[in-house]
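Everything numeric in this text was worked out from a predicted model, so none of it was measured. Labels below follow one simple rule: chain letters A, B, ... track the order of the sequence lines, proteins then strands, and each chain is numbered from 1. The basis for the numbers below is simple: all heavy atoms, side chains too, and nothing from hydrogens, waters or symmetry mates.
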Amino acid sequence: MNFFRLTADLMHLLSIFVLLLKIQKTRSCSGISFKTQLLYAVVFVTRYLDLLKWISLYNTLMKIFFIASSIYILYLMKIKFRATYDPSQDTFRIEFLLGACLLLALVFNYTFTFIEVLWTFSIYLEAVAILPQLFMLSRTGEAETITTHYLFALGAYRGLYLLNWIWRFYTEHHIDWIVWVAGAIQTALYSDFFYIYYKKVLHGQKFELP
Amino acid sequence: EAAAKNKDEL
């Protein structure tokens with residue numbers, strides 16, 4: 001564990017709490033892509049098939065939290081606050097993402113086993129899971145400030161993981177190409193968002209696309 | 001690959 005990775009994980013936790021706060025406080029999931037949340041649930045379930053394999057208490061608790069919270073968010077969006085979800089805004093075709101990620105995972109993996117291919121699939125899928133949300137944002141052209149805080153925390157988590165990998169490469173010669181390439185792409189997807197977040201939200205303005 | 005066996009990251 002190092003500073004970057006711990007901070008990244010805490011940002012990830014924070015992003016989920018901000019999302020839950022947004023839904024509970026406004027009693028609405030408007031502006032949130034159900035498809036992105038669905039993809040995250042798929043990511044966590046397929047990645048943490050090794051849940052029973054002991055690494056540390058921290059590792060196990062975080063895995064349980066990520067799986068449970070992602071499914072809870074699906075429940076909030078699909079059942080509790082269903083009326084506030086507008087599917088006509090959430091039109092990104094996730095079938096292509098799922099198909100492409102599965103294909104890539106079958107071809108580019110470390111070991112061709114069931115668990116390993118699903119783990120690789122989850123890494124690729126996480127890289128692009130935010131696309132339906134960003135697509136929704138670009139369609140509506142604006143977002144509630146709290147939603148942008150959620151996205152910022154999520155993007156910051158990814159950015160900090162890049163720093164963590166650089167740190168780990170120099171301190172422990174840790175190498176993981178699959179995770180690095182996917183993580184770099186994932187972080188790059190946030191660059192436009194970061195720019196507008198910095199220009200607008202941090203200066204007290206509403207998030208609006210130019 | 002050592003990386004594939006040591007999945008300590010989340």
A.B. asks: Less than 4.5 Å to any heavy atom of chain B: does that hold for the side chain of D9(A), its backbone, both, or neither?
C.D. replies: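 The answer is the side chain of D9(A).
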A.B. asks: More than 12 heavy atoms of other residues, nucleotides or ligands under 6.0 Å from CG of D86(A): yes or no?
C.D. replies: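 Check passes, neighbour count above 12.
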A.B. asks: A quick test of your reading: do over 12 heavy atoms of other residues, nucleotides or ligands sit less than 6.0 Å from CH2 of W180(A)?
C.D. replies: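 Buried by this count: over 12 neighbours within 6.0 Å.
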A.B. asks: Under the 3.5 angstrom rule, does the side chain of R47(A) hit a backbone N or O of L10(B) as a donor-acceptor pair?
C.D. replies: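 Present.
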A.B. asks: What distance do K7(B) atom NZ and Y110(A) atom OH have between them, rounded to the nearest 0.5 Å?
C.D. replies: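 Answer for the NZ-OH pair, K7(B) versus Y110(A), is 8.5 Å.
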A.B. asks: Which atoms of Y58(A) come close to chain B, meaning under 4.5 Å heavy atom to heavy atom: side chain ones, backbone ones, both, or neither?
C.D. replies: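 Looking at Y58(A), just its side chain touches chain B.
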A.B. asks: More than 12 heavy atoms of other residues, nucleotides or ligands under 6.0 Å from CZ of R139(A): yes or no?
C.D. replies: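 More than 12 heavy atoms, drawn from other residues, nucleotides or ligands, come within 6.0 Å of this atom.
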A.B. asks: To the nearest 0.5 Å, what is the distance between CZ on R168(A) and CG on D8(B)?
C.D. replies: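 Rounded to the nearest 0.5 Å, the CZ-CG separation comes to 4.5 Å.
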A.B. asks: Check each atom of N109(A) against the heavy atoms of chain B and say whether the ones under 4.5 Å are side chain, backbone, both or neither.
C.D. replies: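 Neither part, no heavy atoms under 4.5 Å.
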A.B. asks: Which bit of W165(A) comes within less than 4.5 Å of chain B, counting heavy atoms only: side chain, backbone, both or neither?
C.D. replies: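 Side chain only.
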A.B. asks: So does E9(B) get a backbone contact from the side chain of N59(A), meaning a donor-acceptor N/O pair under 3.5 Å?
C.D. replies: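 Such a contact is absent between N59(A) side chain and E9(B) backbone.
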